[in-house]
There are 2 protein chains.
Amino acid sequence: MAGADVPTRLLQAAGRVFADKGYQAATVRDICAEAGVNVASVNYYFGDKSALYVAVLTRARQVRAERYPLPRWSPGTSADERLRDFIGVMLQRMVAAPESGWNTRLMLREVLEPTGFCDRLVQQYFRPLFEILVGILRELLPEGTPGHVVHQVGFSVIGQCLYYRVAQPVLALLVPTEERAAWFQPQQLADHITRMTLAALGAGPTLKELDASAPDAGCVPADAGPARDGAACVFDAPLLQRAEPLLSVDDVDH
Amino acid sequence: MAGADVPTRLLQAAGRVFADKGYQAATVRDICAEAGVNVASVNYYFGDKSALYVAVLTRARQVRAERYPLPRWSPGTSADERLRDFIGVMLQRMVAAPESGWNTRLMLREVLEPTGFCDRLVQQYFRPLFEILVGILRELLPEGTPGHVVHQVGFSVIGQCLYYRVAQPVLALLVPTEERAAWFQPQQLADHITRMTLAALGAGPTLKELDASAPDAGCVPADAGPARDGAACVFDAPLLQRAEPLLSVDDVDH
DNA sequence: AGTTGTTTCAAACATGCGTTTGAAACACAG
DNA sequence: CTGTGTTTCAAACGCATGTTTGAAACAACT
């Protein structure tokens, strides 16, 4: 991380610092200290602070999409399987990002407090994603479902995914540490959201039905590994087959 | 608004400015100009900028809870009715706040970027609310449902409510203005989320079943008023009976 | 009117910010 | 080694910020 060339080091350090403190509160001196370079470097290589910010944001979007890509579905893939995949990838991008995801925090910040770059971000990144989700939901909903209902269901899906990132500090104070470690891993959350959504649409069993079909299921906590000796896990059965491993690199660059 | 005494004017102006720009970017001079008072006033009355911020945040929490209170349920009130109420109040607090809710933006900002005051906010405000929701959900879910599942469902509910506030700028770019005006009013969103949740739990009809029971329902857009001449509205029937009217005051104070 | 305590105000202060600068250090071809 | 273009660096420059100050304006009571 310290051996790369100066512009790269700046981009990486700036990502962390901007995400931590926000655009205004992050100082050029902070960033340069973190990167281990001189203060003048940011102006030398990027022109000014705001240009560095735009560069960081652009890079964050690219890296996100490349590192956690949507699978390329074969034509016959069913809609609910694609929904599972979609939610899984969303959640990975949200919470599985390295270093607890300055990447995501940065984009959230931009959404909450648009700095003018937000529009482009939405048009280039969020909108295509949302279109894909809407396409999936249209297949799952009855034909002729009004557009606004499809949209609302879409936002319900994204809203659930987003929450586990937005409210991470809150969640940490509401749910005991052991429970979080055992039941709030990305894959488990993805399963939960998928189940909720499919059930709401009528395309899958409701939580009540799930419970009735396996009333005594002792769900498998995250660190229990593959010791699936007893009854099939009801609430936490792995639904994501093609989930990439959760990388633990320290930054967006290798 | 301009006639009140100086500390009050400062609190109101500071609320707007802090919510708009964040703690760092908001300048004392901005706030004082907005309030129409001298720059020295904030130090005279509050000590320093950070004390003013804490005062604003405290006040925002109080006013929120007072202005949009949860109904006091009579003992016989069913769980799903209480869920409807809960979601309705949440959404009102989220999106119905006056002046497009600097109130909510302020708390979101604090959650996303904790300034040290976040912990108290969670313990005093979020946790009691979450406990109520969990209590309701426990009645709706089968007996013996594991705690973490109840929690996850709770976060799904809150996540959906939150999204329409967090992602407001994004939503504005993804959904055409007319559709937003007609179908994305607080009450309609509350109905949608309640329906989704009850359906997922198995305590209400799924969207598919709703469609089957009234396939040609032409939902009533927001501004169509009580002209409920034709078939009953399937997706947008008003579910919230005791919803307070949406106040349009300019600030938290009368 | 005079006194006392409170509130307002314009101006100044100290600090930290983003940015600039000019020289030193470096890389490397001729 | 010399010359040339690039990169680094410590120091400084403006400027905007949070805060302080001391006097003026005001209010309330004797």
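Order of the sequence lines fixes the chain letters, A, B, ..., with proteins taken first and strands second; residue numbering starts at 1 for each chain. FYI, side chains are in, hydrogens and waters are out, and symmetry mates aren't considered; it's all heavy atoms of this structure.
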[X] [atom1] to [N] [atom2], straight-line distance once rounded to whole Å:
X     : N      : atom1 : atom2 : value
A:K49 : D:dA16 : NZ    : C1'   : 13 Å
A:D5  : D:dT8  : CG    : C1'   : 14 Å
B:N38 : D:dT19 : CG    : P     : 14 Å
B:Q24 : C:dT15 : CD    : C1'   : 14 Å
A:R29 : D:dC9  : CZ    : P     : 15 Å
A:N43 : D:dT8  : CG    : C1'   : 14 Å
B:D48 : D:dT20 : CG    : C1'   : 13 Å
A:I31 : C:dC17 : CD1   : C1'   : 12 Å

- Assign B:F46 to base, sugar-phosphate, or nothing according to its heavy-atom contacts below 4.0 angstrom with the strands shown.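 No contact.
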- Within 45° cone of B:Y23 ring axis and under 6.0 Å: B:K49 NZ or CZ: yes
- Message: Are B:F155 and B:F130, when compared by the centres of their aromatic rings, separated by less than 6.0 Å?
- Response: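 Ring-ring flag for B:F155/B:F130: true, centres closer than 6.0 Å.
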- Choosing from C:dT19, D:dT7, C:dT8, which nucleotide comes nearest the side chain of A:Y44?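 Among C:dT19, D:dT7, C:dT8, the one nearest the side chain of A:Y44 is D:dT7.
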- Task: Name the residue closer to the 5' end of DNA chain C, choosing between A:A40 and A:A26 according to the nucleotide with the nearest heavy atom.
- Result: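 Mapping each residue to its closest nucleotide by heavy atoms, the 5'-most match is A:A26.
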- Side chains of B:D191 and B:T194: do they bring a donor and an acceptor to under 3.5 Å? no
- Would you mind telling me which residue lines up with the more 5' stretch of DNA chain D, B:V39 or A:V6, judged by nearest nucleotide?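 Taking each residue's closest nucleotide, the earlier one in sequence belongs to A:V6.
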- Item | Heavy-atom pair with the smallest gap, counting every atom of A:L91 and A:C161 | CD2-O, 4.1 Å
